[in-house]
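Accompanying notes for the structure given below.
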Amino acid sequence: MRFIKLLLLLFVIQTQAQQGGMWIPSMLKGMNEGEMKTLGMKISAEQIYSINQSSLKDAVPHFDGGCTAEVISDKGLILTNHHCGFDNIQSHSTVEHDYLTNGFWAYKMEEELPNKDLEVTFVVKIEDVTSKIIEGIASLTSEAEKQKKIQQNTSELVKNSPKEAWQENRVKTFYDGNQYLLFVVESYKDIRLVGAPPSSIGKFGSDTDNWVWPRHTGDFSLFRIYADKNNRPAAYSADNVPYKPKHFFPISITGLKENDFTMVMGYPGRTTEYLPSVAVNQIVETLNPAKVEIRDAALKVQDRFMRKDKAIKIQYAAKYASVANYWKKWMGETKGLKKANAVAEKQKFEKDFQQKVAKAGKQAEYGNLLSEFEKNYTEIKDYALARDYFSEVALRNTELLSVGYKLYQLEQILNSKGDQSFTDRKNTLSSGIGDFYKDYNAEVDKNVFEQLINLYATKSPKQFLPESLNNINASQLTTEVFANSKLTSLEKFRSLLEGDSKTVIEKMNADKGYQVIKSMADAFTKNVAPKYDELNLKNIALQRTYMKAILELSPKSARIFPDANSTLRVTYGKIKGYKPNDAVYYEPFTTLDGVMEKYVPGDYEFDVPQKLIDLYNAKDYGIYGVKGKMPVCFIATNHTTGGNSGSPALDKNGNLIGLNFDRVWEGTMSDVYYSPDICRNIMVDSRYILFIIDKYAGAKNIINELKIIQPAKKK
Ligand code: ARG
Ligand code: ASP
C-alpha cells in the first residue's frame with residue numbers, strides 16, 4: 001500500500017511538474033536541468049548555454065528585433081517564419097516577380113537577395129550585474145529618483161564593460177527590477193533572402209486559421225548571414241562571405257510521438273504573469289472587451305470593402321492581417337482567462353501570500369501591497385481605458401486620425417523646438433507620407449471613422465472627452481469631415497504643408513479633420529496622460545516589491561521564472577494534444593491530408609498550389625513521409641509568446657524537429673496565466689519544411705548544405 005501511494009505521488013509530481021516558464025539559458029543548471037532530464041532531455045545545460053565552448057545558444061539569433069531564427073548550416077543559412085520574413089519577401093516582389101504569390105528560391109548563392117535594414121543578433125555572453133545597477137538606490141526615497149539613478153548606473157556599465165569592438169553591451173531588467181543582466185551581443189547586417197514558399201503554403205489558412213489548431217501552415221522562410229573575411233559583422237558588400245557559425249542545428253527526421261520531450265529557444269517579447277487579481281480582472285472585464293469592440297468594428301468595414309473590390313483587397317490586406325492578429329488573440333485570451341478562473345486562482349494565491357507575509361513577520365514591508373494594488377488599479381481604471389480608446393481609435397485604426405496625429409506632432413515640434421526643427425520634420429513628413437496614401441482609400445476610412453468616432457464619443461470615459469465630442473451626431477460629423485478635410489488624399493495633404501510655419505499652422509488648424517484629432521489629442525494629453533503616468537509609475541514600483549516578496553517567500557522548489565522581455569529564453573515540455581471543451585479533444589499532429597481537406601480552389605486563404613496537389617496525389621514524399629502520410633504541424637506544452645515566432649523546436653538531443661509560429665486559441669492567455677491543460681505552442685514539422693524545399697521547390701543546393709538525421713535503417 002505504501003509503495004502504491006509512493007508511486008502515485010511520484011506520478012502526480014511527474015505529471016504536474018511542468019508548469020510553463022521561460023527560463024534564462026545561463027541559469028538552467030541550478031534551476032531546470034533536473035526537470036528537463038526527467039522529461040526526457042539527453043543533453044546537459046552546459047551544452048545549451050556555455051561561455052567556454054560552442055553551445056546551442058550560438059545558433060539562435062534574434063531576427064530583426066521581433067522574431068527568432070536559427071542557424072541550420074555551416075554556411076550561415078538561417079530558418080525563420082514566413083510571417084517574420086514577410087516584409088522582406090514583399091519588398092523584392094513586383095508584378096513580374098511576385099515572390100509572395102509564387103515563392104522564391106535561390107538555386108545558387110549569387111541569386112540570394114540582400115535586404116536593407118535587416119539584421120540578426122547573437123548573444124555572446126550573459127552576466128548578472130544586479131549589484132552594480134542598484135548601487136546607491138537604497139538611500140533614495142522617490143521612485144523617479146531611483147529610476148534616474150538606475151539609468152545612470154546602466155549607461156555607465158554599458159559604456160565600461162569589456163567587449164570586442166564589433167560587439168555591444170545591453171542591460172535588461174528581470175523580475176520587474178529585482179535582477180539585472182548584462183548581455184554582450186553581436187549583430188550581423190548582411191542578411192540575404194534564400195528561399196520562401198508561396199503564400200498558399202507559407203500563409204495557408206491566413207486569418208481564418210490564425211491562432212487556431214488544427215493547423216496546416218508551412219510558415220517558414222530561409223535567409224543567409226554574410227560576414228566579412230574575419231567572420232565579423234559588416235554592412236552589405238559583394239565581397240562578404242557566408243558566416244561560419246559556432247554552432248548549427250542538425251535537422252532530425254527520425255519521427256515524433258506524443259509525450260516526446262521538446263524545447264524551444266527564442267526571444268519571447270512580453271508577458272505579465274505576476275499581475276495581481278485586480279489587474280487581471282481589469283484586462284478581462286474592461287480593457288480587452290473595449291479593444292476587441294473597436295477592432296471588430298474597423299475590421300467589419302474593411303472586410304466588406306475588401307470582398308467586393310480587388311484593389312482595396314491589396315491595399316488593406318497587410319493592415320487587416322495586423323489588426324486582426326491581436327483582435328483575435330485578445331478574444332481567445334479573455335475566454336481562456338475566464339474559463340481557467342484566472343482571477344479566482346490569483347485571489348487564492350493572494351490569500352496564501354498574505355499568510356506567508358504574516359508568518360515571515362514581514363507585515364511592515366509587504367503587508368499593504370495587495371491593498372495598495374487594489375486602490376491603484378481601481379483609480380487607474382478609467383485612465384487606462386481612456387488611454388486604450390485613444391490609442392486604438394486615434395493612433396491605430398482610424399487612418400485619417402492617425403495621419404492627422406502626425407501633423408499634431410509637427411505643431412508640437414514648432415512650439416517646443418522652433419522653426420528649423422519644424423521645417424526638417426515637415427519635409428520628412430511630406431516626402432515619406434506617399435507610402436501611407438498608396439494604400440489609403442478614403443471611402444473605407446470614412447466608414448471606419450463613423451463607427452469608431454461613435455464608439456469613442458459614447459463608450460470611452462465621458463469625463464475626459466473633449467468638448468467637441470460631447471453629444472455628437474457621428475454620421476453628420478463624418479460627412480462634414482470627409483467632405484472638407486485635406487487629410488483624405490496625398491495631393492491635399494501635401495498642399496497643407498506648403499508655405500512657412502505660420503501659414504502651415506493656420507491651414508492645418510482650419511482643417512476639419514485636423515480639428516477633430518487635435519481636440520482628441522489635447523484632451524488626452526491634458527486629462528489622461530499625466531494621471532495615468534503617475535499611477536502607472538506607482539504600479540511599477542508596487543510590482544517590483546510584490547515580485548521581490550514572491551521570490552523571497554516562495555519555497556525554493558517553486559522556481560519562479562521572470563516575465564518575457566525580448567531576451568533569449570528556453571522553454572520546455574512535451575508534445576501533447578489537449579481538450580479545450582466538453583467532448584472535444586485535439587490530437588497533436590496534422591498531415592497533408594488536412595491541407596487537402598481545407599483546400600478551396602481560388603480562395604485567398606485556402607487555395608493550394610497545383611504542384612503540391614500533384615505531390616499529394618502521387619504520395620511523392622521522398623524520405624520525409626511516414627507510412628504514406630506527410631506530417632505538417634504539431635503542438636506541445638512549451639510556454640511561448642509573441643517574439644517566439646521562428647524559434648527552433650528541439651528534441652531531447654538538441655536537434656531541430658520543428659519551427660515555432662503560433663499558439664492555440666484557447667491557450668493565448670498564457671501571456672497572463674499559463675495553464676498546462678490548454679496552453680500549447682504550434683510548430684511546423686521540420687519534415688514538411690524539408691519536403692517543400694526538396695520536393696516542391698527542387699532546391700537540392702539547400703538540402704545539400706544541411707545535416708539531416710535520418711531514422712536508423714532496419715536490418
Ligand atoms: N498569430 C501569429 C503571431 O502572433 C501569427 C501572425 C501572422 N499571421 C497572420 N495571419 N496575421 O504572430
Ligand atoms: N505568432 C507569434 C509571433 O509572431 C507567436 C505567438 O504569439 O505565439 O511571435
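Remember, it's 1-based here, ligands and their atoms both numbered in the order they're listed.
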Is any NZ, NE, NH1 or NH2 atom of the basic residue among [X] and [Y] found under 4.0 Å from an Asp or Glu carboxylate oxygen of the other?
| X | Y | result |
| --- | --- | --- |
| Arg663 | Asp671 | yes |
| Arg215 | Asp662 | yes |
| Arg295 | Glu392 | yes |

Polar contact flag, side-chain donor to acceptor under 3.5 angstrom, His97-Asn102: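 Distance-only check fails for His97 and Asn102.
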Could you give the N/O to N/O pairs under 3.5 Å linking ligand 1 and the protein, each with its distance?
residue: ligand 1; atom: 1 (N); partner: Asn210; partner atom: OD1; Å: 2.7
residue: ligand 1; atom: 1 (N); partner: Asn325; partner atom: OD1; Å: 3.0
residue: ligand 1; atom: 1 (N); partner: Asp662; partner atom: OD1; Å: 2.9
residue: ligand 1; atom: 4 (O); partner: Asn325; partner atom: ND2; Å: 3.2
residue: ligand 1; atom: 10 (N); partner: Asp207; partner atom: OD1; Å: 3.2

Non-neighbouring partners of Lys257 that pass salt bridge (charged side-chain N to carboxylate O under 4.0 Å, His left out), sequence neighbours left out: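 Lys257: salt bridge (charged side-chain N to carboxylate O under 4.0 Å, His left out) contacts with Asp260.
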Non-neighbouring partners of Asp685 that pass salt bridge (charged side-chain N to carboxylate O under 4.0 Å, His left out), sequence neighbours left out: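 Listed in chain order: Arg687.
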Derivation and outcome, ring pair (Phe, Tyr, Trp, His ring centres under 6.0 Å), residues Tyr267 and His62: CA-CA 6 Å; Tyr267 297 81; His62 210 174; 4.2 Å; yes
Pi-cation contact, Tyr604 with Lys313 (under 6.0 Å, within 45°): yes
Check: Tyr188 ring centre within less than 6.0 Å of Phe223 ring centre: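 No, too far apart.
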Contact residues of ligand 2 (heavy atom under 4.0 Å), by chain and number: His83, Trp211, Thr641, Gly642, Gly643, Asn644, Ser645, Phe661, Asp662, Arg663
